[in-house]
Every structure is written in structure tokens, then in C-alpha cells.
Amino acid sequence: MDKATIADVLEKIATLLELKGENPFKIRAYVNAARSLETWGGNIADLANEETLEKIPGIGKAIAAKIKELVETGSLKFFDELKAEFPADILELFSLPGLGAKKIKALHEKLQVSNIAQLHEACVAGRVAELPGFGKTTQEKICRAIDERQKYAGTFQLGQIAGEAERLQDDLRSHPDALHVCIAGSYRRRKEIVRDLDFIVATSAPAEISALFIQHPLVESIIAQGPTKSSVRLRSGIQCDLRVVTSAEYPFALNYFTGSKEHNIEVRSRALKRGWTLNEYRLGETPSDPKQTKTPKKIPPVREEADLYRALDLDYIPPELRENCGEFEAAATGKLPRLLEAENLRGTFHCHTTASDGRNSLEEMAAAAQELGLQYLGIADHSRSSIQARGLDEARLRVQLAMIRKLNESFENFRLFAGVECDILRDGSLDFPDAVLAELDYVVASVHSAFTLSEAEMTKRVIRALQNPHVAMLAHPTGRLLLKRDRYAIDIPAVIEAAAETGTWIEINAAPKRLDLDWRWWPLAKEKGVKCVINPDAHGVERLQELWFGVGVARKGWLTRADVVNCLPLGKIQDALEEKRRANGVVE
DNA sequence: GCCGTTTTCGGCCCGACTGTTTTCAGTCG
């Protein structure tokens, strides 16, 4: 039983208690406990220890006992009894926008609706509109939501919507009345999955900005429209909200809507401790409380976000770190890292060409990398076992190697490195013999087959590959495809440990569908001394730009320039590439 | 149900929009 499963049970308990009409603060306690558990970095084995559990913020005696029961017995009596009070699939109704616990309760009690199919029937028959508190409009809205549910699954990879987001932002910025424009929310925090986009605009002409927004050519439909807030759906299907504020309100709105929710709660609570109240518009004095003995601190002027953090005795916290995963402690003690910037990258290593399944030639990839300002580019086409990707055999690999050596003679201040993305076979051996790997500048190892091994087998398989002195880096360590395919079972802390011991780099695969290794693991990897390499896994020249998404992941993982090897300049990267082989005595 | 540099009791973030009513409840972020 893992953290995510337990957190999911706690969430479901909260939802079911809501349906029962329980005390809202009790409900929130379960939600908070679930959130807290998700971000907690401790040992899974400790989940059966009540004392350790109670040290996790938001988890007290009652919930700790429930988690313990769940871990030890695999089930929870309280949860089972609660579930038995409602139809099995009632929770799916919560996925429809506009429906919350109160409405679902009414639908269930008055119309015996207990799933989406029955709700659809009731709407078509016109019975929903007759309920008190409901009406024709609500009924139509529910019908529409059910229809759109298939089309808009509701979640998007960051890379799927970045183009639309940036275009809309550019167009808002070019309006003469827009003083400041920013996309806040999970987009600004560079979460790998986003549900919506939140635009914040400072302006003295709110009506003009709102009009530009809802009439924008990217807008497919208008969801809501008011003087300060509008919501639309863009062509991609993503919901997009606009908030218009004054210049004075802007830093507060930007901060509030950037989140995360957990981060905001802590920001607000720090304001409260200083006798202030913080909302999305201003920092103000708490209305005088007769019991209040101390006079609150004077409120300093806040003109930008950094001023707000300074007022709360914190260093400026970059948006990517705002997940309430330790950023407050670090910001209060001057220990926030100076995060990696996109401009720090000097090259990258995992790219494909037409030799395997890429769409551009060696020359074209090299030219595109130089245009991006990179000093070097590593070519790593697939190895022979990746039949589906036209993987290279030894002969074709040697032809490519010769071409790269020749091309390098034509470059000034730029270099191609000759590598291979070598399959890690089922037993952990590599797809080429060491003698072949030794001819290359470097080797990227990755899993492309037998995804269904047990966690123990998969972990052993990958660790064996890391122990090969020619393997410089491990690519996409979990094999996940976001919103499409789950990661395979693998013990990531064990892999990190092995990477540290063998001096193997771990990749952040920057392709938006992967973003693997996930940002949540990087603080651990960094602590163990594992170096990161950010690779686009580009199968075409335009995909080199996706390095930008990888930088976002690295920043979310608290990584600095020193943690990411491809920040090294051309003069130093070759040494770094050879280090592992040297340490193992396979090169001079 | 959780929590405490005011507190072991009495708080718990709070504002905008929609739809249904006629002053507000429900939902959302």
C-alpha cells in the first residue's frame, strides 16, 4: 500500500462525509491529511507507525489510527461502512462541473440518481428542472457537461497548451491598456499537468481587456462573464480564466492565483500571525479584536510579489517551488537555492535523427542546436532491439559515427557527440556488447520493452545497466506517458542510490508527454549527489525547444546550475562524460 | 478532525459568479 492509495482513500472519505452533510471542518481535515500525505517525503514503512504518522502536519490521532489500520490490514472498517451507505458509483457525479455535494445529495435523495447515466435520463425526462434549487438552466448545463465529458477529459500536458497560452498572453500584452499580464496558476508553477489557465491582467480599462479576452480567435465558447472575472474554453478544450485588477492589486492577485492552494494557506497564515489579513487584492490590518493585546506591525508597501514575501520575512520564492514542500523554511532562513535558468544550458544529449525514428538529418539537427545557442549536441539514436523505431545495428551505428566525426571537422565552437540510446534488455544486459559501446562518446540507457516486470525485477534490471561503465546516463527512468500510460513498477530510491554509487547521470526527459524523472524525486537525487542531465529526446528540430519544459521540471526539483551537467561548457563536458569510464579503468 | 509564541476550546481562507430567488445557497478556485 503506497501513499497515493492512502491519500485517495482519505479524499474519498471526505467526499462521502460531504454527501452525508457532516461538519465541513471535519471534511477539510481529511482533505488536508490527504494533501499532506501526498507531499510527505518519509519512508513508506513508517506509515504503520502511529507516532511517526502524527508528526505529519494535518494528521492527528484519529486519522493516524485509520492509516495504520489501512496499512496493516489492507482495508478500513470506517471507510467500508461509509461506502455502504451510498451507491457504488455515486462519486463519478463529482466529476461534472457545477455539481457539488449538496446538489448530488438532492439528486440522490429526491430522484434516486446514483450515476451519470441515470442523471442523464432524469435530465432528458425533465425531472431535474422540477427539483427545488434546480431549474431549466441547471438541467441544460448538466446535460451539456455530460456530453462534453468525453471530449474534454479535463486535463492537459503542459506542452499541449503552452502554444495557446503564450499566444493569448502575447496578445493581451500588446493591448495598450494592459499594464501587467501574467499566466498564473499551475502553468506558472510549471506543473506537468494543468487543468486550466489563469490570466491576471492589471489595467485601468477592465471592460476593454475582458472584451479582447472573450472575443479572442482562440476562444471556442464563453463559460462566464463578469466585470472582474471571465471564463472561456479555448479550442484545445482547456478552460481559461481571466481576472482583471488594478495595478495596486496586481501583486496580490498574481500571488494568490499562482498558488498552490497549500502554499497560499501558509502565506495567509504568516500574514495572520503578524496581525494582517491577506486576500487576492490587498494586505490589510485585521479588524481590531478586543482580545488583541499587541498592536499589529505596520504594513509595508507592496508593489511587486517580492515585496509581499519580504513583508512576511521571507526571501522571494520562485513560482515553481510554491508547493509547500519546504520552501517556507528555506525562504525564512536564506536557504533557497538559486534555481537553474534556461540560459544556463550549453548543450544536450538525447536526440534522434532519420537514422532511426527522427525526422531530421544529422546536419539539420546540428544547425538547429547552433541556432538555439547550444555549444554541443549529443546524438543518441535507438539500438537494434527497438525494431519499431528502426533501431541501428552495429554496422549502421558505425556509419553514423564516421559521419559525426567528419561533420565535426566542419564546425567551429560546436561539436556533435556520438552516442546511442541503448535498450536495456529484459535481464538488464545492454543491446550492444561493451566493445561497441566503447567506440562511442557516450551511452544513454533506457527501457523500451517488457514494461510489466515486477518492481523487484525491473529495479534489478535497471541497476544492472547502471553498473556498466559505458552507460553515462539513464533516460526516462519510469517510462510514463502522461495522461496515457502509467509508469512501470520500479523502486526509484534504489535506482537513485545506484546512480549515485556508479556515477551515472539521470535524465529529465523534457518531452512534455514524459517529464521523467518527475520533479518530486529530484530533492532526494540531489541529496544523494546524483547529477541531472536535461534532454529533449527530440525526434525533430522543432522539438529541441522542449528543453524549456525540462528546465521547469529541474526548477521544481530545486536544482541549480551546478546540479545539471549540461550547463557545463564544451571545454568541460567531455571530461565529465569520460569520468565514469575513467573511474572504472576502461579508458586512460 | 486538527491545532496552539493568545488558546486544550473554539476556531478552521474567502471572494466571484451563477442560478434561483427576492436575499442567498451552491460551486469553484
Side-chain angles (χ1 to χ4, degrees), chain A residues 10 13-14 17-18 21-36 53-67 78 93-107 128-142 145 154 184-186 194-200 206 210 222-231 239-245 249 252-253 255-284 286 289-296:
Chain A
L10 295 175
I13 290 176
L17 290 177
E18 236 186 317
E22 260 282 6
N23 171 6
F25 297 110
K26 186 196 267 196
I27 293 160
R28 192 184 300 167
Y30 279 96
V31 175
N32 288 343
R35 292 277 147 71
S36 187
L53 280 169
E54 280 184 53
K55 287 196 188 115
I56 304 174
I59 295 179
K61 265 198 166 353
I63 294 184
K66 290 191 175 75
I67 294 176
F78 174 75
L93 294 174
F94 283 86
S95 67
L96 295 171
L99 283 189
K102 301 276 166 58
K103 286 214 169 92
I104 291 172
K105 194 167 182 229
L107 288 165
V128 171
E130 291 162 12
L131 285 181
F134 290 73
K136 227 178 151 94
T137 318
T138 304
Q139 179 170 281
E140 281 164 12
K141 240 177 98 177
I142 293 173
S186 50
V194 292
R195 289 184 166 275
D196 60 5
L197 292 168
D198 300 289
F199 281 80
I200 314 296
S210 299
I222 299 167
I223 298 167
Q225 190 186 350
T228 64
K229 182 189 167 180
S230 309
S231 292
Q239 181 173 330
C240 190
D241 298 336
L242 168 76
R243 303 271 175 164
V244 283
V245 295
E249 291 164 339
F252 301 103
N255 186 255
Y256 181 84
F257 289 109
T258 295
S260 65
K261 209 176 199 175
E262 293 73 28
H263 180 90
N264 286 356
I265 288 170
E266 180 60 25
V267 169
R268 269 195 195 185
S269 113
R270 290 185 75 97
L272 275 172
K273 278 181 192 150
R274 285 159 180 75
W276 307 329
T277 56
L278 175 66
N279 61 25
E280 55 264 58
Y281 302 112
R282 63 193 61 84
L283 188 58
T286 310
D289 178 348
K291 286 181 287 180
Q292 185 92 34
T293 47
K294 281 192 291 186
T295 49

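Each chain gets a letter, A, B and so on, in the order its sequence line appears, and its residues count up from 1. Please read all numbers here as calculations on a predicted model, not as lab measurements.
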*For Ile59(A), which contact category applies under a 4.0 Å heavy-atom criterion: base, sugar-phosphate, or nothing?*
sugar-phosphate
*Just checking Lys261(A): base, sugar-phosphate only, or nothing, at a heavy-atom cut-off of under 4.0 Å?*
base
*Could you state the CG-P distance from Leu93(A) to dT27(B), rounded to the nearest angstrom?*
12 Å
_Of the listed nucleotides (dG1(B), dG15(B), dT27(B)), which one gets closest to any side-chain atom of Lys66(A)?_
dG1(B)
*Would you please name every residue forming a side-chain hydrogen bond (donor to acceptor under 3.5 Å, both in side chains) with Asp198(A), sequence neighbours left out?*
none
*Which letters describe nucleotides 16-24 of chain B, given B = protein heavy atom under 4.0 Å from base, S = only from sugar-phosphate, - = neither?*
SSSSSS---
*Quantified in whole Å, what is the P atom distance between nucleotide dT7(B) and nucleotide dG1(B)?*
26 Å
_Listed nucleotide nearest any side-chain atom of Lys102(A), set dC28(B), dT27(B), dG29(B)_ = dT27(B)
*Please check if any side-chain donor atom of Asn264(A) sits under 3.5 Å from a side-chain acceptor atom of Glu262(A), or the reverse.*
no
*With sequence neighbours excluded, tell me which residues meet side-chain hydrogen bond (donor to acceptor under 3.5 Å, both in side chains) with Glu280(A).*
none
*Contact class for Asn23(A) vs. all strands (heavy atom < 4.0 Å): base, sugar-phosphate, or nothing?*
base
*Do Asn32(A) side-chain and dG1(B) base share a donor-acceptor contact under 3.5 Å?*
no
*asked:* Holding to side-chain hydrogen bond (donor to acceptor under 3.5 Å, both in side chains), I want the full list of residues that pass it with Lys141(A), two or more places apart in sequence or in another chain.
replied: none
*Answer with base, sugar-phosphate or nothing: what part of the nucleic acid does Ile27(A) contact at a heavy-atom distance below 4.0 Å?*
nothing
*Quick one: label Ala33(A) by what it contacts on the DNA or RNA (base, sugar-phosphate, nothing), any heavy atom closer than 4.0 Å.*
nothing
*Most 5' of Arg268(A) and Phe94(A) on DNA chain B, judged by nearest nucleotide*: Arg268(A)
*With sequence neighbours left out, write down each residue that passes side-chain hydrogen bond (donor to acceptor under 3.5 Å, both in side chains) with Ser95(A), or none if nothing qualifies.*
Arg149(A)
*salt bridge (charged side-chain N to carboxylate O under 4.0 Å, His left out) partners for Lys55(A), two or more places apart*: none
*For Pro57(A), answer base if it contacts any base atom (sugar-phosphate contacts may also be present), sugar-phosphate if it contacts only those atoms, and nothing otherwise; contact means non-hydrogen atoms under 4.0 Å.*
sugar-phosphate
*In whole angstrom, what separates Ile56(A)'s CD1 from dG1(B)'s P?*
18 Å
*When you compare dT22(B) with dG29(B), how far apart are their P atoms, in angstrom units rounded to a whole number?*
28 Å
